[in-house]
Amino acid sequence: MIRPAGYSVYDYGQMITCEPRMSIYAEALRRAVTPGCTVIDLGAAFGIFALLACKYGAGRVIAIEPDPSIELLMPMAKANGFADRITIIRDISTNYSPETKAEVIVSDCRGTVSLYQHHIATLADARARLLAPGGTLLPMRDTLNIALAHWPATHRGATRPWLGNKFGLDLSAGHPYAANGEMKAYLKPRNLRSAPAVLAVLDYRSITEPDIDVPVELEATGEGPIHGLLVWFDAEIAEGLGYSNAPGQPELVYGQMFLPLSGSPRLAAGERIAARVRATLVGNEYIWTWDWQIRDAAGQTRGRPVRQSSFLAQLHSPKALANISNQHVPQLDARIMLDRDCLALVGEGRTLDAIAKTLQERHPEHLPNYKAALDHAALCLGRYSN
Amino acid sequence: VSDSLHSQWRISDQAIANAVADETVILHLGNGTYYGLDPIGARLWEALQAGECPASICPGLLEAYEVTPERLEADLSELLADLLANDLIEPA
């Protein structure tokens, strides 16, 4: 399941012009599509891949997307003469049961890196249920890479406001949160302070596990402070067709992921950061955890081991957590009561107008007028519609 | 009761804790479950992180809260058992 991304149409426009990403995907589709074949555009957004699949000869294209952006697809399909070949499924792909399986499934449901929300599970499900035997998955494989990085600006940004503001206030409680946040970066080769190491190979033709837990050792190529770990991916959309968001490659919409190292340790050439990097899918989001320690050139540890995690960048309220524990006893407050009554009125052909009027009659103290009742009913029931 | 309070424990490799004010939220990375600790639980967690045995926090808590030593020890033991059962701590 991929949650609607909430991109704007402007954002989608940047994806169309994102090169070489777009041309590589287009060429992979052109090669994979055979005359009359069935293609699924998974997480289609406004359906650029669906349109391209039609242009290259697909007989039927199913565009699956829960986000409202998919509403743009049909006008574009009509404008290009493809409307009779495209079916829109406004839902998540795991809810879709196909009449026939597809010869090609194309998607780009990555975030800054390929481990993004339920991307892995979504592709594993699509491969098992929606793809015809011998069919083609685009993309085919991503390789995640990691290296030591020098990025003083981010270190300053995470420390100065909290530890050295000019107002003489003690804001230090905010520093651990700022120092553990993963960040989107567009770093250059000059920012790298080690050779890259492979963090994970995500082969979408076989992958099932969404999490990674990987030990890495990264050796500093020179003396100086290390501000963080940089993660990027090399994408293989199809055999011989790929692109990368590595430093030095054309900047892509994804950016790179930067994991800051607390205190920006200073390393000598030949010293290493020994790290255990974990990406754990919790709910709908990944928690990144990087435990690390310095090792000298002889392999001896220096300093204390450090645990950092994007979890430590999140502010949590224990009281809010208590509300989702299995021991919680919900109280019937006004909001729950209104929603309960609103849901109970659904069915038997009642319009929203009739539901709102009944709600207002029953709860004039909370819904003082028809407009308030209609807004409440629309909001409450809107959670169940696409 | 006193056995667990005088034992040494270490934080599980799968547990990561985030303290906000005097309370603590723990995430188990293996199963994605969140656990909340009240101020007394947070104080216990802090002691475990520092490698102290749980009994070491009893004098301070008896001073800070109106609670009998028996009740405090029973509550801490129960919390330790919960933490152990949920794979958040392990014997050191």
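Letters A, B, ... are given to chains in the order of the sequence lines, protein chains preceding strands, and every chain is numbered from 1.
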task = Using a 4.5 Å cut-off on heavy atoms from C-beta on, say whether the side chain of B:Leu29 contacts that of A:Phe311.
result = no
query = Heavy-atom count around A:Arg304 CZ within 6.0 Å, excluding the residue itself: above 12?
reply = no
ask   = Got more than 12 heavy atoms from elsewhere within 6.0 Å of CZ, A:Arg129?
value = yes
message = For B:Tyr34 and A:Val282: C-alpha separation, side-chain torsions, deciding distance, then whether side-chain contact (heavy atoms from CB on, under 4.5 Å) applies.
response = CA-CA 10 Å; B:Tyr34 292 100; A:Val282 177; 3.8 Å; yes
key: Interatomic distance, A:Thr280 atom OG1 to B:His28 atom NE2 [nearest 0.5 angstrom]   = 10.5 Å
message = I need the residue from A:Asn180, A:Thr289, A:Asp213 with the largest number of non-hydrogen atom pairs under 4.5 Å to chain B.
response = A:Thr289
task = Could you look at A:Leu312 and say if it's the side chain, the backbone, both or neither that has a heavy atom under 4.5 Å from chain B?
result = both
query = Got a donor-acceptor contact below 3.5 angstrom from the B:Asn18 side chain to the A:Ala313 backbone?
reply = no
key: Test side-chain contact (heavy atoms from CB on, under 4.5 Å) applied to A:Arg307 and B:Asp13, step by step   = CA-CA 10 Å; A:Arg307 166 166 286 189; B:Asp13 192 38; 3.4 Å; yes
